[in-house]
Protein chains: 6
Amino acid sequence: MPKTGFVVTAHPGDFVWRAGGAIALHAKRGWRVKILCLSFGERGESQFAWKDPNATLESVKAARKAEAEAAAAVLGAEIEFMDAGDYPLVTTPAMMDRAIDLFRELNPAWVLTHSLNDPYNLDHPEATRFAQAARIVAQAMGHKPGPGYSYAAPPVFLFEPHQPEQCNFQPNVILNIDDAWETKRRAFECLPAQKHLWAYYERVALNRGMQGGRNSGKAMVYGEAYQRLFPMIMDELA
Amino acid sequence: MPKTGFVVTAHPGDFVWRAGGAIALHAKRGWRVKILCLSFGERGESQFAWKDPNATLESVKAARKAEAEAAAAVLGAEIEFMDAGDYPLVTTPAMMDRAIDLFRELNPAWVLTHSLNDPYNLDHPEATRFAQAARIVAQAMGHKPGPGYSYAAPPVFLFEPHQPEQCNFQPNVILNIDDAWETKRRAFECLPAQKHLWAYYERVALNRGMQGGRNSGKAMVYGEAYQRLFPMIMDELA
Amino acid sequence: MPKTGFVVTAHPGDFVWRAGGAIALHAKRGWRVKILCLSFGERGESQFAWKDPNATLESVKAARKAEAEAAAAVLGAEIEFMDAGDYPLVTTPAMMDRAIDLFRELNPAWVLTHSLNDPYNLDHPEATRFAQAARIVAQAMGHKPGPGYSYAAPPVFLFEPHQPEQCNFQPNVILNIDDAWETKRRAFECLPAQKHLWAYYERVALNRGMQGGRNSGKAMVYGEAYQRLFPMIMDELA
Amino acid sequence: MPKTGFVVTAHPGDFVWRAGGAIALHAKRGWRVKILCLSFGERGESQFAWKDPNATLESVKAARKAEAEAAAAVLGAEIEFMDAGDYPLVTTPAMMDRAIDLFRELNPAWVLTHSLNDPYNLDHPEATRFAQAARIVAQAMGHKPGPGYSYAAPPVFLFEPHQPEQCNFQPNVILNIDDAWETKRRAFECLPAQKHLWAYYERVALNRGMQGGRNSGKAMVYGEAYQRLFPMIMDELA
Amino acid sequence: MPKTGFVVTAHPGDFVWRAGGAIALHAKRGWRVKILCLSFGERGESQFAWKDPNATLESVKAARKAEAEAAAAVLGAEIEFMDAGDYPLVTTPAMMDRAIDLFRELNPAWVLTHSLNDPYNLDHPEATRFAQAARIVAQAMGHKPGPGYSYAAPPVFLFEPHQPEQCNFQPNVILNIDDAWETKRRAFECLPAQKHLWAYYERVALNRGMQGGRNSGKAMVYGEAYQRLFPMIMDELA
Amino acid sequence: MPKTGFVVTAHPGDFVWRAGGAIALHAKRGWRVKILCLSFGERGESQFAWKDPNATLESVKAARKAEAEAAAAVLGAEIEFMDAGDYPLVTTPAMMDRAIDLFRELNPAWVLTHSLNDPYNLDHPEATRFAQAARIVAQAMGHKPGPGYSYAAPPVFLFEPHQPEQCNFQPNVILNIDDAWETKRRAFECLPAQKHLWAYYERVALNRGMQGGRNSGKAMVYGEAYQRLFPMIMDELA
């Protein structure tokens, strides 16, 4: 059985810019990686699409969904949408129920989600809150009691927000994504309307890569920064 | 060539209570572990010894040195003393020079030292400052320039102070020391005058162990908590 | 077209004590300033009124509304109420919709609201959350799409709570309100039942004024402290 | 009239492990202590009970209620349940109304509740939020106006969570519970299914006790750590 | 034997503005209170004196010493000076030795000193560091070993700096100084050159007093805010 | 009289990478900008130079001095060196005296220096401490008393360290350096041995520029981030 990873994002772009390297890297190594994308970013993250006077909520959602599916395919991951709306993102008990089921079904080795704070975008911490709640409730034996699941709440890694310091983001992990960079970069191309961000996030990857090299003493080129929330249990210090 | 670990402590007890598990664990696996003990704790950590009216600074230092050497031997580590004094701990440029040499000679895979703050004991953060300074200067090619050393500044792990929350200690690593507990416990016995702390630090180890089990979902009994200071560079998330 | 300022408060007293100087100062210079007052403070900020055994929720609300209108008039600002209730303050989607419209209509140069935390009064951070959410959603082109608005999310200034340190309030701006002090002081008189606070907030203004003088090296008498939330973009350092 | 204390917890175990000493100590001295237990911990804190394939939500709730009542009786306290559910805990306006009435009726000298954060268990900070909101609204004269109550918002003490540093728990009070330890320990026995926690929380009490002795210079054996939220008003420094 | 209190300040004004109420209050109740004033504030806190073209370092020191002695007398406290200089304050081992002796001789029930940080005045945190170091070393039995002292490291209270939020000052104690206000106010008059601060610190006292009333529910007029550094050990919660 | 700016750095590269835009921008507008460079970075920031087996401390210092002078000239600033050494940076009272004189002579409108913390390089916070101490002592009328200087302690801006989040760097100002970018970029070329950093800091400037555009709603390309330490006194909110 392959190991699994789980990614919970508010909008489609987030999993590409912020976690595309981790997704592609683990997928390439045979992991099953599943993305739960809570909204299509249809209202607040689709400024380009609304310039078309004929745009409707449905047309924008469909277009963004297609892009996200294409990007997930490039990265090698499954994707599921919740259509929770954006600006604001509003989840329902049924969505929570589904997310809990997913945690139990996947029993993931890690879950990736947004930073704890983001004063620029309240959908992001709301997605984090949702992911954390589902991760915890999945532990409760009294939730859908019955035989047959083995679930341990996985470590949580928060991916890098657009303006890290304003979000109190404290990166304590830098993932070397050299082996996955080309794939991540190709996933950018599934989001043609946000072309101005391609170069931005390439620069982020290069600078995190150089920081990674400095911290480890081992050369690397591209990095993704993460904040690990819970203590890491180790058998040997490293 | 075995890997090496480096431990910098203010007083003898510190490496036993706080890092004895890590030392014994790695030594058992063939690592070379070296302890740099900056003082003998002769003035402020030897209350018992001073109850003897014939005690002198030299007699107390000699007794505490013997204890520390015995404990290091039990743990399987080398030990070197600097005799920097305690209450307060005052280091000299010559001591710094020696510490830099040690970093270069050992080229350790990690360095363990005290927390960044400790309002109960100013020798502790002073030892941390000293260790950090030596670790950094060892990188400078203009310090004793010449051919022949390969040194990369190692990750720094801060061990647990007596009252963690008062010291802003943020444990982000719990080391499973089940394989080393018996050895650590035997090292306690080299410090007979602090017998009241034996049970205290056994309780700390058991409670950190239970926390480790909760965070990982894998049973363990004894743990040591550490705060890793710099980002960890990873090739895969875990 | 005059510039505009926008003030979002939980209760009537708040805009007088905490932001009256900023409101009067900008109004005096020809700005359009609009206050959105989410409740009348009828349950929790009207202890005096409830001493009258004939008081009803409606009579208290009417009285406090009249006071707030009078104070806004003295300060030179427009005021709009939402009747969201207090203790607790509970906003509805319709209120949010109106607040978003206001952000777009005003396109303000700044928005003033409460601190992020206030353990003494949960209505205050709730008002802040509401203001921040409306400010962000107003940016979403998919919210009421169509031609014709120009909106840029304005800088947010948090005004001073009653007990700043308990609220983690970090003042990084002191506004010189010398030119507006007399007006602010006159607005106090619209709130006769809270006379004990007149002197309190005069002292706050004088002490913030002296701090302002110390920080700038330029004499000033009366100040209002603010916490600017987002980075300030500058063309020259000052 | 005896003084009163008020304890608001999310689940039954919490008041035993975290505040059992304070409850028993004050009860022993003649205080009226009331516990408001928001849920039965039936879904997420009853793993043992769900191992029985015949378990139902009602049977688990009944069993845990009986245990909690027994523990409260041992400690000498009254207990009231709200049946708000757990994993997640969801309170209603009617529950809030009742909690406000309780604050006014008891006019407690203190209220004990959970830490502000707990990334392992979202029911805990939700209980804290609920307790704080009720404590504040009880002050509003416009809430159920009328003659006849004397209420002053009491000091809030947060009790120790399972993993203090991960919850940003800052203990600034250690309560000497030597006189109540035997009672607290007996209350543990009302929770036979969580026997693995008996020893854990005995170790916590012993270690907090030793810390208490170090901070005061006066010997004590068992302690409970608390974080006092609001400034303490003193007539003399101590 | 009366209880004793110990106050360590960088400059003369500090003990008057920031701790004059505590000093007078305890002195009035029969405590022995001793002030250790590390410098005369002769270079950086005597702007007025240096306006006299004939001023010399010695004349300024003498004048400020006389003022400080007068103020201490009004407050009912002993005073001792160290002449450590100001701007910057530089202490010597001999000064530290004397401060340690004083801690042992006084065995105080509390020590008052400056905040941990003050970006406006580096002498203040230096005085705090000095006081903390002496307080700790006084515990070391190996420092001047011998029979005959009973010393327990006392609780530390930090008094309020000029700009509390900039100094990360977190007041968790408000002392009711109503009984000592007149005395404190009279001590102000010993510092005639800083008359502009008389009103400032009267406003601080009134506002802290109103905050004290709000936090306790008991009326008070004048307050002094303190940050207690170490956990308070309690026999009953209050 | 032109306005003046003052820059205090530990090593030559720092003023180029971190503050080159601010220096060039203000110089271009006619300001006098002076750089105080505390060391030549000869031991720890000259790895390339030490690869030459004939390198000596003097030859490395001379080479780095020439580079720094060239870079300052390109930026349009004066430069003065202190030769305080690096790894570690150790300043003397004579250096402090000179720095104080410079603050008084320049009476700058701002001072730029390093972040408050930098766990990778202890010279950086040491330079900050030195700059802050000199800035404060320059205010003391008793320091070199006499007629004739007008000095007000200027606002302090901390420039961006290499790994901002690890240094607790909180950027609250982004300076638009579009008008100075070409000059800053040309100054990079004076540091040919650190060519790998040219691209790194160009990426930093571009990403801070995009953040600046997002925060202000006004397009800009290149930015430099700063942390303003003290409150800004404003006559109008902006």
Side-chain angles (χ1 to χ4, degrees), chain C residues 3 5-7 19 21-23 25-26 28-31 33 107-112 139 150-157 159 170-180 208-209 211-220 223-238, chain F residues 3 5-7 19 21-23 25-26 28-31 33 107-112 139 150-157 159 170-180 208-209 211-220 223-238:
Chain C
K3 293 173 93 170
F6 192 27
V7 184
I23 295 169
L25 190 76
H26 290 81
K28 199 159 287 192
R29 294 186 187 158
W31 290 48
V33 181
N107 195 17
W110 40 253
V111 58
L112 312 184
Q139 293 175 292
S150 74
Y151 170 74
V156 178
F157 294 87
F159 41 64
Q170 278 296 333
N172 50 20
V173 168
I174 296 179
L175 181 69
N176 181 333
I177 59 166
D178 284 354
D179 291 349
R208 291 299 184 190
Q211 291 175 8
R214 286 219 178 176
N215 278 284
S216 65
K218 286 182 201 145
M220 58 182 280
E224 267 175 7
Y226 289 92
Q227 178 175 343
R228 198 185 202 281
L229 265 200
F230 297 101
M232 185 172 186
I233 312 310
M234 304 184 92
D235 291 316
E236 196 168 289
L237 295 176
Chain F
K3 294 174 93 170
F6 192 28
V7 184
I23 295 169
L25 188 77
H26 290 81
K28 199 159 287 190
R29 294 185 188 159
W31 290 48
V33 181
N107 194 17
W110 41 253
V111 58
L112 312 185
Q139 292 175 291
S150 74
Y151 169 73
V156 178
F157 294 87
F159 41 63
Q170 279 296 332
N172 50 21
V173 167
I174 296 178
L175 181 70
N176 181 331
I177 59 165
D178 284 354
D179 290 349
R208 290 299 184 190
Q211 292 175 8
R214 285 220 176 177
N215 277 284
S216 64
K218 285 182 202 147
M220 57 183 278
E224 265 176 8
Y226 289 92
Q227 178 175 345
R228 198 185 202 280
L229 264 200
F230 297 101
M232 185 173 186
I233 312 309
M234 304 185 92
D235 291 316
E236 197 168 289
L237 296 175

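Residue numbers start from 1 in every chain, and the chains themselves are labelled A, B, ... in the order their sequence lines are given, proteins ahead of strands.
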Report which part of [X] has an atom under 4.5 Å of a heavy atom belonging to chain F: side chain, backbone, both, or neither.
X	answer
Leu229(C)	neither
Leu175(C)	both
Ala109(C)	neither

As an exercise: rank Phe230(C), Tyr151(C), Trp31(C), Tyr226(C) by heavy-atom pairs under 4.5 Å with chain F and give me the winner. Trp31(C)

Output the option from Ser216(C), Pro171(C), Pro155(C), Ala152(C) having the highest count of non-hydrogen pairs under 4.5 Å with chain F. Ser216(C)

To the nearest 0.5 Å, tell me how far Met232(C) CE sits from Arg228(F) CZ. 8.5 Å

Interatomic spacing from CG in Leu237(F) to CZ in Phe157(C) - rounded to 0.5 Å: 5.0 Å

Which region of Leu25(F), side chain (C-beta onward) or backbone (N, CA, C, O), has a non-hydrogen atom less than 4.5 Å from a non-hydrogen atom of chain C, or is it both or neither? side chain

Below 4.5 Å from any heavy atom of chain C, which atoms of Arg214(F) appear? Answer side chain, backbone, both or neither. neither

Within the supplied structure, the quantity of interest is the number of heavy atoms (other residues, nucleotides, ligands) at a distance under 6.0 Å from Lys218(F) NZ; does it exceed 12? no

For chain C, which of [options] has the most heavy-atom pairs under 4.5 Å?
options	result
Val173(F), Asn176(F), Leu112(F)	Val173(F)
Asp235(F), Asn172(F), Asn215(F), Ile233(F)	Ile233(F)
Ala225(F), Gly5(F), Gly212(F)	Gly212(F)

